[in-house]
Each structure stands twice: as structure tokens, then as C-alpha cells.
Amino acid sequence: MKKKIERGQEFVASEAELFACPICHENMLADHRGLICPNNHRFDVSKKGTLFFLQHQVKTEYDEEMFRARRKLIQGGMY
Ligand SMILES: [Zn+2]
């Protein structure tokens, strides 16, 4: 059983292209700790497996469901 922080890091690493920087709106890149944008805005995965953005926390488990639904739409050619 993986720790939540590991699952969160894996999630952002595999889905990094789906994130845009909330500050400058560039595409985010994943590294070993979380996400970083080309302008060096960094967002780390917390121990609970959540990402910290500026004002609020995004729960990756919730977002994972959203992204799955979106991927289905992409694969179905409807997006
Ligand atoms: Zn940025």
C-alpha cells in the first residue's frame, strides 16, 4: 500500500500536462516533489497527497476522477 504522498506525486507526475500554473498559466512540469512551471512557481504535493495552490487545496483523489472523465471524452473524440 503506497503512502498518500507517493500516490499524489505519481498522480501529478503522470498528469502534469493537465495542470496549468494558477499564477502565469503556463503548462506545469512534474518533478520529484510536485509541479513547477517555466517561471519557477512551485507547488508541492503534501504528505496527505494533496497539492497546495495559492488559496486552496486541491484534493488529488477528487481531481483524478475528473481527469478520468475528461480523458474518456478525449478518447471518444467528443472533447
Ligand atoms: Zn507560473
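If you read the sequence from its start, that first residue is 1, and numbering goes on from there. Quick note: numbers below take in every heavy atom, side chains included, and nothing from hydrogens, waters or symmetry partners. Atoms within each ligand, like the ligands themselves, are counted from 1 in listed order.
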Does Glu6 have any salt bridge (charged side-chain N to carboxylate O under 4.0 Å, His left out) partners at least two apart in sequence or in another chain, and if so, which?
-> none
Spacing of Glu17 atom CD and Met28 atom CE [to the nearest 0.5 Å] = 12.5 Å
Straight-line distance of His25 NE2 to His41 NE2, nearest 0.5 Å = 10.5 Å
What's the count of protein N, O or S atoms under 2.8 Å from the Zn ion (ligand 1)?
-> 4
Please report the closest heavy-atom contact between Ala30 and Val12, naming both atoms and the distance.
-> CB-O, 3.9 Å
Spacing of Lys47 atom NZ and Lys4 atom NZ [to the nearest 0.5 Å] | 14.0 Å
At their closest point, which heavy atom of Asn27 faces which heavy atom of Pro38, and how far apart are they?
-> O-CD, 3.3 Å
